[in-house]
Amino acid sequence: MENIEPKSLNFIEQIIEKDLSEGKNGGVVYTRFPPEPNGYLHIGHAKSICLNFGLGAKYHGRTNLRFDDTNPTKEEDEYVQSIMEDVRWLGFQWEGEPRYASDYFEQLYLWAEEMIQRGLAYVDDQTSEEISAQRGTPQKPGIFSPFRNRSVEENLDLFRRMKAGEFPDGSRVLRAKLDMASPNMQMRDPVMYRILHSSHHRTGNKWSIYPMYDYAHGQSDYLEGITHSICTLEFENHKPLYNWFLDQIADVNHVRPQQIEFARLNLSYTIMSKRKLLELVEKKIVSGWDDPRMPTISGLRRRGYTPESIRSFADRIGVAKRDNIIDVGLLEFSVRDHLNKVAPRVFAVLDPVKLTITNYPSGSSEWLEIENNPEDPQSGSRKLEFGPNLFIERDDFMENPPNKFFRLGPGREVRLKGAYIIKCEDFIKDENGVVVEILCTYDPTTKSGEGQSRKVKGTLHWVNADKAVDAEVRLYDRLFNDEDPAGHKDLDFLDFLNPDSLQILNNCKLEPTLQNANPEDKFQFQRLGYFSVDKNSSQDHLIFNRTVPLKDSWVKQSK
RNA sequence: UGCCUGAUAGUGUAACUGGCAACACGUCUGAUUCUGGAUCAGAAGAGUUCAGGUUCGACCCCUGAUCGGGCAACCA
């Protein structure tokens with residue numbers, strides 16, 4: 001059934017629909033996602049991926065994956081592999097083979113030679129410091145390079161020798177001859193090529209010169225027939241240059257890409273800069289790019305996020321041009337929303353305390369039928385063995401509970417989920433005053449699902465102490481305790497690290513059905529939250545990562 | 001002091017292109033519940049940065065201010 005809700009269009013969709021209605025680009029929509037393989041993709045990239053691939057799909061167009069690999073000093077194949085994996089995992093498929101800017105090095109070079117012939121580019125022998133100094137400031141115009149008026153022949157000769165590897169790194173660059181007085185800094189004779197004797201992850205040592213982003217990007221879009229080249233706001237100032245480079249090669253009969261900028265994603269309590277994320281990895285503040293606390297796609301995956309939840313998040317945050325900081329709460333809402341529908345409910349006690357049912361026939365047990373997910377009737381049920389020796393959550397018992405505490409306390413009654421109503425008769429403390437065992441009686445007439453028994457306020461989860469399996473559970477919290485850790489002028493983002501971002505629990509007791517859980521399997525630990533099996537988990541040593549806790553209106557109320 | 005760009009509830013995004021501001025998250029009630037989850041019902045919360053102008057009528061158009069973001073890598 002078609003949803004005929006007239007969902008409003010974001011500004012990019014409006015542009016596209018206008019183009020379409022005017023018959024621009026022959027009615028074609030062709031987008032691209034152009035990551036630089038110099039790090040792992042993060043949730044901000046996910047926004048861009050969903051945008052670009054989403055637009056391609058929505059308008060029956062196509063979307064390329066293109067690696068913007070013009071800087072061999074920073075790029076590695078490891079990143080290429082992880083990026084492809086992440087894009088696929090998110091559920092998108094790029095058109096044909098992945099593309100690489102390096103596929104176009106030859107063509108780019110030829111066009112550069114043409115520009116030299118037409119007097120539009122020149123070789124500059126100065127150092128980067130000298131060039132930088134001559135560029136002026138946003139307020140003051142720059143001045144001409146002393147090499148700006150070299151002859152075409154000399155420029156061509158020098159450029160070819162740069163290519164041939166005759167000169168050391170940094171000794172010369174090729175610059176576009178534009179306007180040193182332009183109020184737009186990008187237009188002040190930007191560098192097109194620099195010398196880099198560095199091995200490239202794909203072209204090896206074939207090239208000793210590499211094109212700069214501004215020169216390579218638009219031309220690559222052009223070569224691929226991209227119609228809508230979507231990038232983030234910081235490239236707004238580059239648009240005139242993007243268009244200028246295109247002007248030098250564009251054929252009127254060829255699709256001409258247009259650059260459209262949108263505001264990148266910012267998430268509260270997290271950092272999004274690849275450089276800073278790299279720093280966390282290199283300083284071993286996190287275990288790696290896929291540490292579950294990282295906002296990387298691989299980190300979120302390991303944390304237990306689903307592709308669906310990330311896509312619906314991207315959908316919810318929208319696309320616009322104004323700077324934004326999205327509340328991480330919205331991301332968390334998105335996972336809960338999805339996992340609530342699909343994650344099987346299981347019993348897990350993270351901080352166990354012994355509970356003994358004193359009137360239960362000793363030595364006996366019984367099998368109880370427990371539904372797997374009340375939100376999903378298709379999910380069926382499973383059987384759990386119930387007996388007199390149990391574990392419950394330490395939090396679920398209080399020696400002197402307040403009135404609103406709907407759990408266990410001396411003389412209080414509570415239901416054990418899927419089992420019976422029990423009453424706390426007594427409890428035992430050790431010499432340190434720590435409760436070590438709770439003694440209860442159960443009411444055999446209150447078995448779950450049988451008749452309409454009386455109601456009690458609270459329901460607890462439990463595990464059978466004789467059958468439980470052990471597990472390690474990792475509780476994650478936000479990595480930073482400041483809303484905008486990178487937004488402080490005189491303070492480093494590392495000053496805001498949350499010391500409690502990871503809490504490892506080693507004495508957790510799980511229902512036995514979890515013994516065979518596999519990495520990335522997702523569950524709702526009843527009453528606690530959503531948990532996902534870590535990639536390093538094994539049957540001998542189960543490890544679960546907490547994706548996100550359940551909403552808890554008790555903690556709010558109790559404080 | 002230059003150029004580019006943006007400004008709508010706490011946060012994000014809308015408003016059929018001029019017809020007295022909606023949706024989501026969050027918050028707060030209440031119902032329901034064998035998860036203090038989910039679900040359901042409801043409420044509070046902005047008069048659209050400010051000041052002028054055009055108009056019968058302005059979030060939308062014009063003028064001017066204010067505030068925010070970006071730009072001076074041989075990074076992308």
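Quick note on labels: first sequence line is chain A, next is B, and so on, each numbered from 1. The model shown is predicted, which means the values in this text are computed figures rather than measured ones. Values below: every heavy atom of this structure, side chains too, minus hydrogens, waters and symmetry copies.
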Would you kindly give the [atom1]-to-[atom2] distance between [X] and [N], to the nearest whole Å?
X        : N     : atom1 : atom2 : answer
A:Gln14  : B:U13 : CD    : P     : 14 Å
A:Arg336 : B:U35 : CZ    : P     : 18 Å
A:Asp327 : B:G10 : CG    : P     : 14 Å
A:His238 : B:A72 : NE2   : C1'   : 11 Å
A:Tyr193 : B:C75 : OH    : P     : 14 Å
A:Ile326 : B:G10 : CD1   : C1'   : 13 Å

Between [X] and [Y] (salt bridge meaning N to carboxylate O under 4.0 Å), is one present in this structure?
X        : Y        : result
A:Arg66  : A:Asp221 : yes
A:Arg264 : A:Glu234 : yes
A:Lys239 : A:Glu261 : yes
A:Lys74  : A:Glu36  : no

Out of [options], which has the shortest distance to the side chain of [X]?
X        : options             : value
A:Arg316 : B:A24, B:U17, B:C75 : B:A24
A:Ile131 : B:U35, B:A7, B:C74  : B:C74
A:Pro183 : B:C3, B:C74, B:G36  : B:C3
A:Glu236 : B:C4, B:U35, B:A76  : B:C4
A:Met212 : B:A76, B:G6, B:U35  : B:A76
A:Phe333 : B:A7, B:G36, B:C25  : B:C25
A:Thr137 : B:G12, B:A72, B:A38 : B:A72
A:Lys551 : B:A15, B:G36, B:A38 : B:A38
A:Pro138 : B:A76, B:A14, B:C71 : B:C71
A:Glu375 : B:A72, B:A38, B:G69 : B:A38

What distance, rounded to whole Å, do you find between the two [atom1] atoms, one in [N] and one in [M]?
N     : M     : atom1 : value
B:A65 : B:C25 : C1'   : 34 Å
B:A15 : B:U5  : C1'   : 23 Å
B:A46 : B:A21 : P     : 13 Å
B:A31 : B:G36 : C1'   : 15 Å
B:A44 : B:G2  : P     : 47 Å
B:A38 : B:U33 : C1'   : 9 Å
B:A22 : B:G47 : P     : 14 Å
B:C62 : B:G6  : P     : 12 Å

Can you tell me if A:Ser132 touches the phosphate of B:A73, counting only side-chain N or O atoms and a distance under 4.0 Å to OP1 or OP2?
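A:Ser132 to B:A73 OP1/OP2: side-chain N or O found under 4.0 Å.
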With a 4.0 Å cutoff (strictly under), does any side-chain N or O of A:Arg188 reach OP1 or OP2 of B:C3?
no
Just checking [X]: base, sugar-phosphate only, or nothing, at a heavy-atom cut-off of under 4.0 Å?
X        : value
A:Phe67  : nothing
A:Pro374 : base
A:Ser128 : base
A:Val191 : sugar-phosphate
A:Asn184 : nothing
A:Gly418 : base
A:Thr127 : base
A:Leu550 : base
A:Val319 : sugar-phosphate
A:Ile325 : sugar-phosphate
A:Glu371 : nothing
A:Gln139 : base
A:Lys404 : base
A:His461 : nothing

Are A:Trp554 and the base of B:G36 stacked, counting only ring centres nearer than 5.5 Å and planes tilted under 30°?
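So yes, this residue stacks on that base, both cut-offs being met.
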NE2 of A:His217 to OG1 of A:Thr70: how many Å apart, nearest 0.5 Å?
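Here the interatomic distance stands at 10.0 Å.
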Just checking [X] against [Y], ring centres under 6.0 Å apart?
X        : Y        : result
A:Phe544 : A:Phe531 : no
A:Phe159 : A:Tyr193 : yes
A:Phe235 : A:Tyr242 : no

Any donor-acceptor N/O pair, A:Glu483 side chain to A:Ser268 backbone, under 3.5 Å:
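No.
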Audit row: A:Glu393, A:Arg527, salt bridge (Lys or Arg N to Asp or Glu O under 4.0 Å) steps and yes/no
CA-CA 10 Å; A:Glu393 214 69 61; A:Arg527 299 209 302 134; over 6 Å; no
Passes salt bridge (Lys or Arg N to Asp or Glu O under 4.0 Å), A:Arg150 versus A:Asp125? Steps please.
CA-CA 11 Å; A:Arg150 289 224 248 231; A:Asp125 298 356; 2.3 Å; yes
Residue met sooner reading RNA chain B from 5', once A:Gly329 and A:Ala263 are mapped to nucleotides
A:Ala263
For RNA chain B, the dot-bracket pattern of Watson-Crick and G-U pairs whose distances stay under 3.5 Å, | for other-strand partners
.((((((..((((.....[..)))).(((((.......))))).....(((((..]....))))))))))).....
